[in-house]
K.L.:
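Provided herewith is a single structure, encoded as structure tokens, for subsequent inquiry.
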Amino acid sequence: MSGDTQHGGLRTPIVAVLGHVDHGKTSLLDKIRGSTVIEGEAGAITQHIGATAVPLDVVGEVAGSLVDPTEFDLPGLLFIDTPGHHSFTTLRSRGGALADIAILVVDVNDGFQPQTEEAIKILADSQTPFVVAANKVDTIPGWQIHEDAPIQQSLEAQSDRVEQQFNEKLYEIIGELSDAGFTSDFYWRVQDFRSNVGVVPVSAMTGEGIPDLLAVLMGLAQRYMKEDMAIDVTGPGAGTVLEVKEEQGFGTTLDVILYDGTIRADDTIVVGGVNGPIVTDVRALLKPRPLAEIRTESRFEKVDEIAAASGVKIAAPDLDDAIAGAPVRAVRGRDLDDVIADVQEELAEVAVDTGEEG
Ligand code: GDP
């Protein structure tokens, strides 16, 4: 179920995870998925193609007293499953970053590393708001684990020595952020997240601080991004190609993150390709089937339409030349030449970027 096809017009903010190799990006995404799967039995997360949706009620359950769901009207958070800045820079929307918010993961033991510096530069250049997840706090010698607890609750239960080390490590990261040109502080001291970066101590292993991380992301999005999230939900869909993939029974397919409007199973779409825009008709819109049903059925389930923000697989003829990072547009009711021109224009940027990266 997409559950997000109402006409309310506020879409889910898209969240990307960046950081140095081995600092815990994958573990963090796994933990967010894991804890929300358990907590979210009522609402439940939904697995999308290439992304994971955590609805507001699940954020509320995981974050406990840190989030009052009645204070929010954004529908939740959509995490892009592929972490790292290659994915971040490839995935663009209308000239900007596809992700609305980012999590920069920094290992508290290693601090800033080359890819941390790179990531921060990319975030600054694309003006993407971000929070820092200061990860692996459980590795501080003497740390007492409080599984899935809010970080301050866990911190209060630690010895003075552990707390002192915790503070030293965290202030080191705050210093490094300052060297990189960003004022930051422990997230609970940040008043204005537009001028200060919130640092959230977490453990992707024990789940400590995960409630805080979800609460901060949700709060940031609600407070500062609500206008950007207002879309014409039923309008012609706009998205970005995550991956071009051969899929048994479907031929070449596109994994797409949809950030605006709706794509329907009978839409004509325009996609960016190596030799310019490709015009084709959707043959099937596919979502992952719930795990329990996969044994007996195909991995995918056909749907009639899907609304932003979401991840979807599009099967259609003539997709062989489509490229990752390229725009996808539903034509619906608009002049085909205008849509082709739109895609062409955006494609020029994608091509330039690919060239720069070698
Ligand atoms: P990535 O390369 O940034 O995606 O990092 P991974 O998620 O693969 O994590 C790298 C290693 O660090 C793995 O062995 C993880 O088990 C470990 N790791 C990740 N997060 C934590 C954490 O919070 N605590 C501890 N103790 N280990 C962690």
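Order of appearance sets the numbers: ligands from 1, and atoms from 1 within every ligand. This one's a predicted model, so the numbers in the text were calculated from it and none came from an experiment. Starting from 1, each residue takes its place in the sequence as its number.
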K.L.:
I need the full list of salt bridge (Lys or Arg N to Asp or Glu O under 4.0 Å) pairs touching residues 214-234, with sequence neighbours left out, sorted by first then second residue.
P.N.:
D73-K226
K.L.:
Does the ring center of Y187 lie less than 6.0 Å from the ring center of F193?
P.N.:
no
K.L.:
For ligand 1, give me the residues whose heavy-atom distance to it is below 4.0 Å, by chain and number please.
P.N.:
H20, V21, D22, H23, G24, K25, T26, S27, N135, K136, D138, T139, S203, A204, M205
K.L.:
With sequence neighbours excluded, what pairs up with Y224 under the ring-ring contact (aromatic ring centres under 6.0 Å, His included) test?
P.N.:
none
K.L.:
With sequence neighbours excluded, what pairs up with R94 under the salt bridge (Lys or Arg N to Asp or Glu O under 4.0 Å) test?
P.N.:
D260
K.L.:
Are more than 12 heavy atoms, taken from residues, nucleotides or ligands other than D304, located less than 6.0 Å from that residue's CG atom?
P.N.:
no
K.L.:
Is the Y171-F186 ring centre distance short of 6.0 angstrom?
P.N.:
yes
